[in-house]
Amino acid sequence: MSATPAPTEAPVIDAPAQHGAVAHSDGDWANRAIPVQTRSERFSSTDPAAFPAVTGREVDWKLSPVPALRPLIDGPLDGSPYAYLARETPGATVEWVSPQHELVGTAGTPEDRASANAWSSVENVLLVTVSGDEPSSITIGRSGLDAAPRAGHTVIHATPNSSGLVILQNSGDAQLVENVEIIVDEGAHLTVVTVQEWNDGGIHLASHLARIGRDAQLKHFVVTLGGSIVRVNPSAHLADQGADADLNGVYFADAGQHLEQQVYVNHDAPSTKSRVNYKGALQGEGARTVWIGDVLIGRTAPGTDSYEQNRNLVLSEGTRADSIPNLEIETGDILGAGHASATGRFDDEHLFYLESRGIPEEEARRIVVLGFLSEIVQHIGEPALEERLIAALEAELADGAQARAEANAAGAPGRKARAPYVDSQPGAAVAVGTDHVTSEPDVAAGVTGEGTSPGGTH
Amino acid sequence: MSTLEIRDLQVSIDTEQGNKPILKGVDLTINKGEIHAVMGPNGSGKSTLAYTIAGHPRYKVDGGSIMLDGVEVLDMTVDERAKAGLFLAMQYPVEIPGVTVANFLRTAKTALDGEAPALRTWVKDLRQHMSDLKMDSSFAERNVNEGFSGGEKKRHEIMQLELLKPKFAILDETDSGLDVDALKIVSEGVNRAHAATDLGILMITHYTRILRYIKPDFVHVFVDGHVAEQGGPELADQLENEGYDRYVTAAAAAAAGA
């Protein structure tokens with residue numbers, strides 16, 4: 001099978017619209033503001049001044065609330081060391097090192113201006129090392145940050161053939177922009193869990209830059225529950241043969257919360273594997289989530305096995321979920337590559353099944369949502385953390401149930417005609433050998449208002 | 001004595017082509033301990049009857065009543081119907097991701113009884129019911145219906161029937177898609193529940209095969225949204241030999257004449 005390079009120049013389409021059909025705005029190649037480029041050619045630098053000023057129209061900023069993020073993107077940042085609480089087992093260590101440390105910059109380079117701003121502002125870098133033959137674990141708790149703009153930089157290093165679990169536990173106030181480099185040396189198995197349970201006003205931008213070595217595996221989890229704007233962008237560079245990335249996320253957006261994740265998997269070596277699975281729930285006026293999943297299978301990556309999916313459960317009116325999977329394939333010699341995205345309401349049949357066994361509607365909802373989200377949590381493989389996160393998800397749900405009960409008591413109408421705004425746009429798949437590409441178009445865009453019926457009006 | 005009494009039940013569904021009547025005046029009375037078989041061709045409205053009794057929101061009741069011991073079932077929410085003693089064994093039970101069978105059953109039992117079952121007897125009961133239905137003990141830790149075979153789904157439905165102990169059970173084509181061994185296991189479960197709690201059963205089926213294992217007291221032939229004929233077990237034998245053609249033809253003729 002011949003390998004054709006991905007198109008870097010946009011084809012010009014000037015055929016007249018037929019039958020009244022108007023070309024989709026995304027297809028207006030001739031007048032696109034942003035030239036088509038492969039994901040690997042995105043600009044990167046550690047110098048914020050090297051990036052053009054952020055306008056909010058950029059592909060990686062256009063779904064983010066840029067005005068509220070200005071201090072982190074452009075402003076001066078406090079880059080001094082901060083207080084943290086570490087709990088570790090033998091084999092795991094944590095220490096402050098200089099930004100000139102040899103490991104800094106080996107996992108990746110910032111791809112946006114805020115990330116570069118943080119990179120160039122930090123005075124020290126927190127180095128977490130996992131080593132030794134026995135599995136080790138470390139939890140780093142940050143709860144003492146304040147609301148002033150601050151930069152952070154963490155390097156997590158798993159030495160060859162080591163095995164470890166690193167939990168970044170975030171709570172309290174924050175206005176933080178940070179880079180987290182993750183270096184998984186050959187044969188190492190590393191799990192990284194970042195938990196965002198910030199206070200209501202918390203603002204957090206994070207770029208996780210991972211480099212995964214030969215026959216090494218990274219299991220990565222982004223768990224976001226608290227904060228006003230939280231954007232965590234993990235990118236995994238499968239740099240050597242047999243590297244494996246298992247990237248997961250679970251998020252629960254309440255009224256007014258903006259929770260975003262831009263995931264990037266770069267298959268850059270033979271026989272690499274990736275799985276991306278993000279699940280979210282949205283509840284309350286103005287709850288907003290964004291998921292962008294870019295997967296690039298380069299010419300250097302024959303025998304790749306890749307699958308990414310994002311699923312969102314919309315629990316109330318007035319929410320918006322963006323879900324954008326992009327798959328770019330430059331070689332025909334792959335095992336599999338697929339993507340799926342679905343955003344929808346409760347499945348009536350789930351509720352009916354549980355209710356028909358005597359379980360009241362509110363309890364049935366709780367069970368279904370918790371079941372939906374807990375799939376991700378149960379994949380972490382750390383029982384104590386899993387239990388705590390399930391409890392945290394239950395608390396999020398209980399808040400929503402109470403709000404619904406109050407709304408019903410206040411005589412709010414049971415059903416509203418307006419459907420939640422659901423935007424889901426599968427990206428263009430540049431595919432050579434399309435027989436290897438599976439794309440599940442089970443995208444439920446513009447879900448109608450049926451489905452949630454507060455009160456027993458069946 | 002407990003009685004489930006369906007009177008002149010009229011039900012329609014909303015389709016893209018508009019409102020479509022399905023049930024056109026169903027009359028049926030089931031007393032506690034009785035086994036009624038409702039038989040009919042595809043599309044006659046058998047499953048609509050089952051789901052309407054259970055309260056599925058898709059079905060719109062246009063008239064008639066369903067009384068359970070003198071109380072109107074149609075006024076109840078879905079979970080209230082279960083609490084009143086009605087149970088529907090579904091033809092296509094849905095998968096519920098992330099919810100284990102053990103968790104689901106315990107939650108249902110707790111909801112129905114108003115208190116959590118005592119842990120020790122509960123675990124013992126669950127094991128017993130699973131072993132009665134020849135289900136592996138790992139079953140309890142699997143997610144509800146997820147990756148279950150057709151036979152496993154039906155056994156899971158009947159396990160719930162035995163565990164939740166309703167007054168009346170509606171079995172919606174519980175026999176469909178089962179091989180003979182699975183059909184025997186499932187039928188034994190239904191017969192056990194019947195014997196244990198004097199369960200009233202409304203058994204909806206397309207085929208007479210299950211009637212060899214579960215003996216009905218009454219047989220109703222269901223055609224075009226209503227009961228076209230009723231009788232004893234001998235009616236099933238007649239259907240086995242003659243099929244539904246006679247009723248379908250009659251219904252078509254009536255429709256043409258109308």
Side-chain angles (χ1 to χ4, degrees), chain A residues 248 250 277 279-281 309 311-313 340 342 344-380 386-387 389-390 393-394 397 408 414-415 448-458, chain B residues 14 50-61 74-90 92-101 103-114 141 143-146 153 156-157 159-161 163-166 169-170 172:
Chain A
N248 307 271
V250 59
N277 190 10
K279 285 183 147 186
Q309 69 165 334
R311 302 200 180 277
N312 295 298
L313 194 50
R345 293 242 193 172
F346 261 115
D347 188 330
D348 264 355
E349 300 303 325
H350 286 167
L351 289 183
F352 175 70
Y353 191 76
L354 295 173
E355 289 175 55
S356 77
R357 300 321 187 223
I359 300 170
E361 181 178 342
E362 206 55 66
E363 172 87 349
R365 281 170 170 282
R366 195 187 66 83
I367 291 172
V368 170
V369 182
L370 212 55
F372 173 78
L373 296 176
S374 61
E375 180 201 337
I376 302 290
V377 175
Q378 285 164 359
H379 187 48
I380 295 176
E386 289 174 15
E387 201 174 304
L389 291 175
I390 297 281
L393 288 171
E394 294 219 40
L397 277 170
N408 285 347
R415 280 172 200 253
T448 53
E450 284 300 304
T452 51
S453 56
T457 53
H458 299 325
Chain B
D14 286 325
Y51 278 87
T52 303
I53 296 170
H56 194 287
R58 179 163 183 243
Y59 301 98
K60 189 165 158 275
V61 177
L74 293 173
D75 293 339
M76 300 179 190
T77 59
V78 177
D79 60 306
E80 285 169 356
R81 296 179 195 209
K83 289 189 183 96
L86 296 177
F87 180 90
L88 171 62
M90 298 191 200
Y92 304 110
V94 291
E95 299 181 2
I96 305 184
V99 181
T100 63
V101 167
N103 182 15
F104 161 62
L105 293 175
R106 194 171 158 78
T107 306
K109 188 72 178 166
T110 303
L112 287 174
D113 293 358
E141 295 314 316
N143 288 336
V144 173
N145 293 322
E146 209 174 71
K153 284 184 182 172
H156 181 223
E157 293 294 290
M159 181 169 81
Q160 295 171 51
L161 170 64
L163 212 53
L164 301 179
K165 299 184 171 48
I170 301 123
D172 186 19

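Below, chain A is the first sequence line, B the second, and so on; all start at residue 1. This one's a predicted model, so the numbers in the text were calculated from it and none came from an experiment.
Proximity to chain A is absent for every atom of B:Asn103, based on heavy atoms less than 4.5 angstrom apart. Heavy-atom distances place the backbone of A:Phe372, and not its side chain, under 4.5 Å from chain B. Interface remark: A:Ser374 contributes side-chain atoms only to the contact with chain B (heavy atom separation under 4.5 Å). Using a 4.5 Å cut-off between heavy atoms, B:Pro93 touches chain A through backbone and side chain atoms alike.
Rounding to the nearest 0.5 angstrom, the gap separating the CD1 atom in A:Ile359 from the OH atom in A:Tyr353 is 10.0 Å. One finds the CZ atom of B:Arg81 at 5.5 Å from the CG atom of B:Leu74 (value rounded to the nearest 0.5 Å).
By number of non-hydrogen pairs under 4.5 angstrom with chain B, the leading residue of A:Glu363, A:Glu375, A:Glu349 is A:Glu349. In terms of non-hydrogen atom pairs under 4.5 Å with chain A, the most contact-rich of B:Glu80, B:Lys60, B:Arg58, B:Glu95 is B:Glu95. For the options B:Leu164, B:Thr107, B:Val61, heavy-atom pairs under 4.5 Å to chain A are most numerous at B:Thr107.
The cationic group of B:Lys153 does not satisfy the cation-pi geometry with B:Tyr92, failing either the under 6.0 Å distance to the six-membered ring centre or the 45° limit from the ring axis.
Contact check on B:Glu157 versus A:Arg357 returns a salt bridge, with a Lys/Arg side-chain nitrogen under 4.0 Å from an Asp/Glu carboxylate oxygen.
Taking all atoms of both residues into account, the shortest heavy-atom contact from A:Ile390 to A:Leu370 is O-CD1, 4.2 Å.
The shortest side-chain heavy-atom distance between A:Val368 and A:Leu351 falls under the 4.5 Å cut-off.
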